[in-house]
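The block underneath contains the structure these notes are about, expressed in structure tokens.
Numbering of ligands and ligand atoms starts at 1, following listing order. Scope of the values below: all heavy atoms of this structure, side chains included, with no hydrogens, waters or symmetry mates. Please read all numbers here as calculations on a predicted model, not as lab measurements.
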Amino acid sequence: MESYYIEGGVPLRGEYRVKGAKNSALPILAATICRAGVYEIYDCPKIGDVFAMLEILKSLGAKTIWEDDCLIVDSRNVDDYAVPESLMSEIRSSIFLMGSLLARGGEAVIYRPGGCDIGRRPIDIHIAGLEQLGFEVDILDGKIRCKGICHGGKITMPYPSVGATENLMMAALAGKGDTILENCAIEPEIVDLQGFLRNIGFQVFGAGTDTIFVKGSYGNSLSKNSIERMYFVIEDRIEAATYMAAVIGTGGRAVFRNIRPNIMKSVLDVYERMGAIVRTSDNMIELWVPKDLKNAGIVVTQPYPGFPTDCQPQLMTLCAKAKGLSTIREEIFESRFEHKNQLIKMGADIETCGKNAIIRGTEILHGREVKAMDLRGGAALVIAGLMAEGTTIVRDAFHVQRGYEDLEKGIKLLGGLIERKRESKKEKT
Ligand code: EPZ
């Protein structure tokens, strides 16, 4: 068991290079199965969810190895299409093996995926889409068996689900016919997946818009010849938003490199509304707060380009010390306010009612022993610890390590006082 020990009250200052995106790397790693090959993946974050995905790829027969900052995945000898339940339940992104295994061999056996406990998170849109593409899907005792040949066609998704868009993009690759996906999610990570799939020879167009076209490649050379390719994963806009919240929450100033302002617009708009000064150039964002934080007014989480639900907990922490009243409406996930009670332990004044959280800013947050309940909620508690007076202990740091590579190193780089400590169960109590 590991915990973060944080001394608050130090303004974060300096420079930070944003790492590769978790929510891009995971579907891309699953996509290495779509076609036999040796892939050099650069800027893939060294995080818990990636390590879990690599265990899945290895269980299917792939070889994976890190060479410094390059992750090499060799999927030529993949000879299985069934993912063990134990590995499926580790991460939500295990669901992507459904699409990539169907593209590779027309068969996939999986189980319900795991992931952050932030809502019901059904996979009905994935399943309905696969059936519309012509695949047979049988669900028995939790085992989901999909097989068949994609005949292509037009599919209109009932909701722009990120995961379903990415999964159906992959499942349609080996289609006998072409596929048009409508009402797609338009997140930058979906554009990155399209970039990878095109890089390995598939024809996919339209990602980043609500309509994606996938050319069926059934029976052509793609499935016969293996290839060697390299690919760079895009930057992690959620990691960037998290560090930026820590900087403005502590009254600091920092420059972020390897981050495109245009994919951060909704977040920067809210930070500016709270009083942050933001300077940008193509691949850089500098920000600081001259005075105390102002409230955020009303913020509603929405699919991209709206305010990301993955930045909601970090924003709640900022609002806890901002002047006045802020309202956050969580529209994407049903139970993504688990961090609220931990923040209240630190002195925050927060009320929730259904999808709404009302936050009255308080002068001081107090260092306390708190518990991370999920990935982004855990990151929000680390930020609260940096903003608080005294010492904060964030237990169950593993939640945070699933999605942030060396968070404590990054915060130390910006002058923050944080230690990660391994503790035995006995010590923890
Ligand atoms: C992706 O999850 C991200 N994960 C999530 O990030 C992110 O919060 C989410 O998109 C929304 O932006 C990855 O990319 C690996 P969805 P995903 O399908 O694909 C409902 C993080 O912290 N839905 O767009 O699971 C669902 O219940 C994580 O990095 C159905 O009803 O999100 C939710 O309410 C957390 N049926 C909404 O749609 C379905 O079949 C959005 O889910 C699929 C989804």
Side-chain angles (χ1 to χ4, degrees), residues 19-31 44-45 47-50 52-53 56 90-99 110 112-132 137 139 144 155 157-171 181 183-193 210 233-234 236-242 263 266-267 300-315 330-336 338-339 355 372-380 399-405:
K19 295 197 173 63
K22 165 181 95 74
N23 291 346
S24 211
L26 293 167
I28 285 172
L29 288 174
C44 180
I47 55 175
D49 277 15
V50 164
M53 179 60 85
I56 293 177
E90 284 288 315
I91 51 175
R92 171 78 180 181
S93 300
S94 54
I95 191 81
F96 295 134
L97 275 302
M98 195 187 226
I110 62 161
R112 258 197 67 75
C116 281
D117 183 10
I118 52 180
R120 285 181 314 106
R121 308 192 83 175
I123 55 171
D124 55 321
I125 303 176
H126 299 245
I127 304 279
L130 290 172
E131 288 173 335
Q132 287 170 53
V137 184
I139 305 178
I144 306 169
I155 296 177
M157 289 195 287
Y159 178 89
S161 151
V162 174
T165 301
E166 293 166 326
N167 226 348
L168 297 175
M169 267 167 87
M170 291 191 270
L181 300 175
N183 194 26
C184 296
I186 64 171
E187 270 67 3
E189 295 76 25
I190 296 172
V191 178
D192 206 23
L193 175 62
D210 64 4
V233 174
I234 63 168
D236 196 323
R237 60 196 169 97
I238 308 297
E239 183 208 31
T242 304
I263 65 169
S266 60
V267 174
V300 181
T301 65
Q302 293 169 308
Y304 187 86
F307 189 88
T309 172
D310 298 343
C311 297
Q312 177 260 99
Q314 302 91 319
L315 177 65
E330 175 54 60
E331 275 291 353
I332 310 285
F333 290 106
E334 306 86 359
S335 46
R336 198 169 204 177
E338 293 304 306
H339 41 284
K355 295 182 176 184
M373 317 297 271
D374 56 61
L375 167 60
R376 308 302 174 182
H399 283 294
V400 179
Q401 291 150 3
R402 284 190 34 232
Y404 294 91
E405 180 181 336

Which residues pass the salt bridge (Lys or Arg N to Asp or Glu O under 4.0 Å) test with Asp192, not counting sequence neighbours? none
With Arg112 via salt bridge (Lys or Arg N to Asp or Glu O under 4.0 Å) - residues at least two apart: none
What donor-acceptor contacts under 3.5 angstrom involve side-chain atoms of residues 113-120, with partners at least two apart or in another chain?
none

What does the list of residues with a heavy atom under 4.0 Å from ligand 1 look like, ordered by chain and number? Lys22, Asn23, Arg92, Ser93, Ile118, Arg121, Pro122, Ile123, Asp124, Ile125, His126, Tyr159, Ser161, Val162, Gly163, Thr309, Asp310, Ile332, Phe333, Arg336, Leu375, Arg376
Under a 4.5 Å cut-off applied to non-hydrogen side-chain atoms, are Asp124 and Ile127 in contact? no
Looking only at side chains, do Asn167 and His126 share a donor and an acceptor under 3.5 Å apart? yes
For the backbone of Lys22 and the side chain of Asp236, can you confirm whether one donor and one acceptor N or O come within less than 3.5 Å of each other? yes
